[in-house]
Amino acid sequence: MGANSRQWSETMRRRLGLDLTNAEIENAIVDGMVERYGREGAPAIDGAVTTVRRLAGEWPLALASSSHPRVIDAALDGTGLRDAFRAVVSSDEVEHGKPSPDVFLEAARRLGVSPSDVLVVEDSLNGLKAGRAAGMTTVLVPNRSVPPAPGSADVADAVLAGLTDLDPAAIEIRAGDPDTAPTAARTRS
């Protein structure tokens with residue numbers, strides 16, 4: 001969660017004692033995921049497609065992911081959401097993956113907006129840390145299939161039960177301002 005391809009392929013090689021190069025590990029995993037998405041469809045969190053479509057009609061959206069660019073492309077094609085994002089950034093395109101803020105800062109740059117005007121929607125502790133380090137407002141939407149690490153809610157400016165709870169009022173969240181927090185969210189104290 002948060003590691004870019006260079007980081008996770010090195011971790012796999014080292015921890016599993018694989019007699020392959022990092023590039024060979026990366027290519028095998030990415031090829032397998034892209035093939036699987038093509039065969040079975042891309043996985044999507046409940047409400048993701050509908051919510052992204054709804055929000056894309058109101059705000060410029062960026063996708064800032066730790067996934068490999070080919071996996072991102074396969075997921076966007078599989079969900080039909082490619083046109084919903086004005087900017088798509090993989091942490092493979094920046095120097096450091098999450099929890100470093102690099103991928104979020106690059107997404108804001110490509111959108112042409114100030115980091116302080118960005119709302120980060122995340123399901124991982126490293127993503128929340130990266131968003132906060134970038135000076136962005138963070139919202140945790142826990143993923144039931146891969147629950148966030150303990151303490152994730154403490155790092156987020158707000159916590160929502162699901163993506164469908166992310167509505168225009170949630171976009172107005174500003175850290176530490178309980179008057180602008182949506183009723184579905186818990187704000188940090």
Side-chain angles (χ1 to χ4, degrees), residues 1-53 56 61-111 120-134 136 138-152 155-156 162-163:
M1 297 294 266
N4 63 29
S5 298
R6 295 179 303 276
Q7 293 167 316
W8 60 253
S9 61
E10 169 60 20
T11 299
M12 288 182 72
R13 187 190 60 71
R14 193 172 15 86
R15 286 190 184 169
L16 300 176
L18 299 175
D19 189 26
L20 299 168
T21 67
N22 292 352
E24 289 170 329
I25 295 167
E26 179 181 328
N27 287 335
I29 298 295
V30 169
D31 289 348
M33 290 180 73
V34 169
E35 188 273 327
R36 180 178 168 198
Y37 287 8
R39 185 181 68 247
E40 299 174 13
I45 296 171
D46 289 342
V49 173
T50 303
T51 301
V52 168
R53 285 270 172 232
L61 301 183
L63 177 63
S65 175
S66 295
S67 294
H68 188 280
R70 288 181 44 224
V71 173
I72 294 171
D73 286 343
L76 289 173
D77 290 343
T79 58
L81 289 174
R82 181 173 299 282
D83 64 329
F85 296 98
R86 292 190 192 170
V88 176
V89 185
S90 165
S91 62
D92 285 2
E93 299 175 70
V94 295
E95 189 169 348
H96 302 287
K98 299 171 187 175
S100 174
D102 299 18
V103 72
F104 288 128
L105 293 171
E106 179 60 18
R109 187 193 68 74
R110 290 184 189 183
L111 285 176
V120 170
V121 179
E122 264 292 345
D123 64 352
S124 75
L125 178 58
N126 279 342
L128 292 166
K129 287 179 177 180
R132 293 199 50 91
M136 300 171 176
T138 59
V139 174
L140 171 63
V141 180
N143 182 340
R144 288 185 202 115
S145 64
V146 184
S152 295
V155 176
L163 280 175

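In this structure, the salt bridge (Lys or Arg N to Asp or Glu O under 4.0 Å) partners of R14, at least two apart in sequence or on a different chain, are E10. For R36, the salt bridge (Lys or Arg N to Asp or Glu O under 4.0 Å) partners two or more places apart in sequence, or in a different chain, are E40. Contacts of R15 classified as side-chain hydrogen bond (donor to acceptor under 3.5 Å, both in side chains), with partners at least two apart in sequence or in another chain: none. For S90, the side-chain hydrogen bond (donor to acceptor under 3.5 Å, both in side chains) criterion is met by no residue, not counting sequence neighbours. Listed by chain and residue number, nothing satisfies the salt bridge (Lys or Arg N to Asp or Glu O under 4.0 Å) test with E26 (two or more places apart in sequence, or in another chain). In terms of the salt bridge (Lys or Arg N to Asp or Glu O under 4.0 Å) criterion, E95 has no residue partners (sequence neighbours excluded).
Between V34 and H68, the closest side-chain pair of non-hydrogen atoms is not below 4.5 Å. You'll find the side chain of S66 stays beyond 4.5 Å of the side chain of W8, heavy atoms only. Using a 4.5 Å cut-off on side-chain heavy atoms (C-beta onward), L128 and L140 make contact. Residues V89 and F104 fail the side-chain proximity criterion, which asks for heavy atoms closer than 4.5 Å. A 4.5 Å side-chain heavy-atom check between L105 and V94 finds every atom pair outside the cut-off. By the 4.5 Å heavy-atom criterion applied to side chains, I45 and D123 are counted as neighbours. The shortest distance between side-chain heavy atoms of R132 and V120 does not fall below 4.5 Å. Inter-residue side-chain proximity for L18 and E24 is flagged as unmet; no heavy-atom pair is nearer than 4.5 Å.
Checking side-chain atoms of S152 against main-chain N and O of P148 turns up no donor-acceptor pair under 3.5 Å. A donor-acceptor pair under 3.5 Å links the side-chain atoms of R110 to the main chain of V88, judged by distance alone. For the pair R82 (side chain) and D73 (backbone), a donor-acceptor distance under 3.5 Å is present.
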Apply side-chain contact (heavy atoms from CB on, under 4.5 Å) to R70 and D31, showing your working.
CA-CA 9 Å; R70 288 181 44 224; D31 289 348; 2.8 Å; yes
Any chance you could lay out the side-chain contact (heavy atoms from CB on, under 4.5 Å) test for D77 and Y37, step after step, and finish with the verdict?
CA-CA 9 Å; D77 290 343; Y37 287 8; over 6 Å; no
Given the rule in the side-chain hydrogen bond (donor to acceptor under 3.5 Å, both in side chains) test, do N126 and S124 qualify, once you have shown the distances and angles that lead to the verdict?
CA-CA 5 Å; N126 279 342; S124 75; over 6 Å; no
Determine, step by step, whether N22 and M12 satisfy the side-chain contact (heavy atoms from CB on, under 4.5 Å) criterion, reporting the C-alpha distance in whole Å, the side-chain angles of both residues, the deciding distance to 0.1 Å, and the verdict.
CA-CA 8 Å; N22 292 352; M12 288 182 72; over 6 Å; no
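Note that CG of L63 is 5.0 Å distant from CZ of F85, once rounded to the nearest 0.5 Å. How far CD1 of I25 is from CG of L16: 8.0 Å, rounded to the nearest 0.5 Å. Of the inter-residue distances, the one linking D46 atom CG with S145 atom OG reads 9.0 Å to the nearest 0.5 angstrom. Distance OG/S67 to CD1/I72: 5.5 Å, rounded to 0.5 Å.
By the 4.0 Å N-to-carboxylate-O rule, E122 lies close enough to K98 to be salt-bridged with it. Taking a cutoff of 4.0 Å between a charged side-chain nitrogen and a carboxylate oxygen, D102 and R109 do not qualify as a salt bridge. Ion pair D19/R13 not flagged as a salt bridge, since none of the NZ, NE, NH1 or NH2 atoms sits closer than 4.0 Å to an Asp/Glu carboxylate oxygen.
For R144, the CZ atom is loosely surrounded, since the number of other residues' heavy atoms within 6.0 Å does not exceed 12.
Across all non-hydrogen atoms, the minimal contact from A56 to A84 is CB-O, 3.6 Å. A pairwise comparison of heavy atoms in P69 and D92 identifies CD-OD2, 3.5 Å as the closest pair. When all heavy atoms of G97 and S91 are compared, the closest pair comes out as CA-CB, 3.9 Å. The shortest non-hydrogen separation linking A87 to A107 is CB-O, 4.4 Å. Heavy atoms only, all atoms of each residue included: A42 and A74 are closest at CB-O, 4.3 Å. The two residues A62 and L111 have their closest heavy-atom pair at CB-CD1, 3.6 Å.
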